[in-house]
> 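My structure is below; once you've seen it, I'll send some questions.
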Amino acid sequence: MKEYKLTTKMRSYQWDELSDEQREVVAIAKEQTAHSYCPYSQFHVGAAAKLANGVIIRGCNQENAAYPSGLCAERTALFAAGAQYPEQPVTRLAIACFTDGHFTAEPGAPCGACRQVMLETEHRYGGKMEVLLYGEKEIFVFESAADLLPLIFVSENLKG
Ligand code: THU
């Protein structure tokens, strides 16, 4: 038997410690929470994906009466980016959550399916995608989507 300990790395920042480029996407993710369609959960999630060409694609969660038919904010942004700018790497992704009249104190943790899609996006373009998770108290920054998901499953794994 062998035991492996998997480690990952993230950093915690205060708003005024972020760069202007980081603040730009986080501010848009926060704005986007206002457009979330979440009549069932009342949990508003906003996302902003910055592309290598400078364009910022906006996303927010889209719920549905048939619950599994809805989609998380991160995936609306990443899929829209892939559909509109298939050749443009996504370099940065920010997420913010708003509920009960305020942004969450702690950063929202992306669900597993969104992490998998983030990883595919990063892998597809062959560069790192920085991920910023906004919370009122602190902002978590991951240099790479891979830091959010150890033991990745990507196209190479399909080859056996
Ligand atoms: N949600 C997201 O948009 N992103 C996540 O990573 C986690 C959850 C949404 C899905 C649903 O509309 C609401 O938050 C409550 O789960």
Side-chain angles (χ1 to χ4, degrees), residues 6-15 18 21-51 55-86 88-125 127-154:
L6 305 175
T7 57
T8 192
K9 189 176 73 181
M10 67 178 206
R11 297 196 173 98
S12 168
Y13 287 82
Q14 295 300 302
W15 177 257
L18 296 178
E21 292 75 20
Q22 290 172 320
R23 276 199 285 255
E24 180 189 33
V25 281
V26 174
I28 293 175
K30 289 177 72 180
E31 252 175 64
Q32 277 302 113
T33 60
H35 304 301
S36 155
Y37 177 64
C38 56
Y40 307 103
S41 72
Q42 306 295 335
F43 193 74
H44 304 250
V45 187
K50 175 105 180 211
L51 312 184
V55 170
I56 296 181
I57 302 290
R58 294 161 179 259
C60 52
N61 52 334
Q62 301 292 322
E63 297 186 349
N64 195 285
Y67 292 175
S69 305
L71 198 64
C72 293
E74 300 89 311
R75 278 178 285 163
T76 65
L78 292 176
F79 291 157
Q84 294 171 53
Y85 296 92
Q88 289 295 321
V90 182
T91 55
R92 181 169 280 136
L93 176 74
I95 303 144
C97 304
F98 184 98
T99 191
D100 293 330
H102 51 77
F103 288 101
T104 56
E106 292 302 331
C111 78
C114 285
R115 292 178 199 217
Q116 181 66 29
V117 170
M118 288 179 204
L119 200 69
E120 182 81 24
T121 304
E122 193 170 80
H123 198 254
R124 167 179 183 177
Y125 298 111
K128 287 187 178 178
M129 180 178 77
E130 184 182 68
V131 181
L132 298 106
L133 310 179
Y134 178 79
E136 288 279 81
K137 278 206 219 149
E138 57 185 337
I139 299 138
F140 291 160
V141 180
F142 297 81
E143 269 173 24
S144 158
D147 293 330
L148 277 157
L149 192 65
L151 283 183
I152 60 175
F153 184 80
V154 286

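Ligands are counted one by one from 1 in listed order, and the atoms in each one are counted from 1 as well. For the single chain, residues carry numbers from 1 onward in sequence order. Predicted model, so just to flag it, every value in this text is computed and none were measured. Any value given below was found using the heavy atoms of this structure, including those in side chains, with hydrogens, waters and symmetry copies removed.
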> Considering only heavy atoms of Pro110, which atoms of ligand 1 have at least one such atom less than 4.0 Å away?
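Within the 4.0 Å cut-off of Pro110, ligand 1 contributes 6 (O).
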
> Is any NZ, NE, NH1 or NH2 atom of the basic residue among Arg115 and Glu74 found under 4.0 Å from an Asp or Glu carboxylate oxygen of the other?
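Salt bridge absent between Arg115 and Glu74.
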
> Taking the side chain as every heavy atom from C-beta outward, state whether Leu18 and Leu132 have any atom pair closer than 4.5 Å.
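Yes, at least one pair of side-chain atoms sits under 4.5 Å.
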
> Using only heavy-atom distances, determine whether the side chains of Thr76 and Gln62 contain a donor-acceptor pair under 3.5 Å.
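No donor-acceptor contact under 3.5 Å links the two side chains.
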
> Between Leu148 and Met118, what is the shortest heavy-atom contact and its length?
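Closest heavy-atom pair between Leu148 and Met118: CD1-SD, 3.9 Å.
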
> Does a side chain donor of either Tyr40 or Gln42 reach within less than 3.5 Å of an acceptor in the other side chain?
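Tyr40 vs Gln42: no donor-acceptor pair found between side chains.
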
> Which residue in the set Lys128, Lys9, Glu122, Glu130 passes side-chain hydrogen bond (donor to acceptor under 3.5 Å, both in side chains) when paired with Ser144?
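The passing option is Glu122.
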
> What is the closest protein heavy atom to atom 9 (C) of ligand 1, and at what distance does it sit?
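Scanning the protein heavy atoms, the shortest distance from atom 9 (C) of ligand 1 goes to Asn61 ND2, 3.6 Å.
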
> Is Cys111 near ligand 1, meaning one of its heavy atoms is under 4.0 Å from it?
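Heavy atoms of Cys111 do come under 4.0 Å of ligand 1.
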
> Going by the order shown, which atoms of ligand 1 are within less than 4.0 Å of some heavy atom of Ser41?
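Those of ligand 1 that fall under 4.0 Å from Ser41 are 13 (C), 15 (C).
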
> Go through ligand 1 atom by atom and flag the ones less than 4.0 Å from a non-hydrogen atom of Glu74.
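Contacts of ligand 1 toward Glu74, numbered from 1: 2 (C), 3 (O), 4 (N), 5 (C), 6 (O).
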
> Return the residue, atom name and 0.1 Å-rounded distance of the protein heavy atom closest to atom 13 (C) of ligand 1.
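Protein heavy atom with the smallest distance to atom 13 (C) of ligand 1: Glu63 OE2, 3.5 Å.
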
> Out of Gly108, Gly70, Cys72, who gets a non-hydrogen atom closest to atom 10 (C) of ligand 1?
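Considering heavy atoms of Gly108, Gly70, Cys72, the nearest to atom 10 (C) of ligand 1 sits in Cys72.
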
> Distance under 4.0 Å to a non-hydrogen atom of Ala73: what atoms of ligand 1 satisfy this?
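Listed by number with element, the hits are 2 (C), 3 (O).
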
> Under 4.0 Å from atom 3 (O) of ligand 1, is there any protein heavy atom?
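Protein heavy atom within 4.0 Å of atom 3 (O) of ligand 1: present.
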
> Let's go through Arg92 and Glu24 carefully: what are the C-alpha distance in whole Å and the side-chain angles of both, what is the deciding distance for salt bridge (Lys or Arg N to Asp or Glu O under 4.0 Å) to 0.1 Å, and is it a yes or a no?
CA-CA 10 Å; Arg92 181 169 280 136; Glu24 180 189 33; over 6 Å; no

> Which atoms of ligand 1 sit under 4.0 Å from any heavy atom of Phe43?
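Numbered from 1, ligand 1 contributes 14 (O).
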
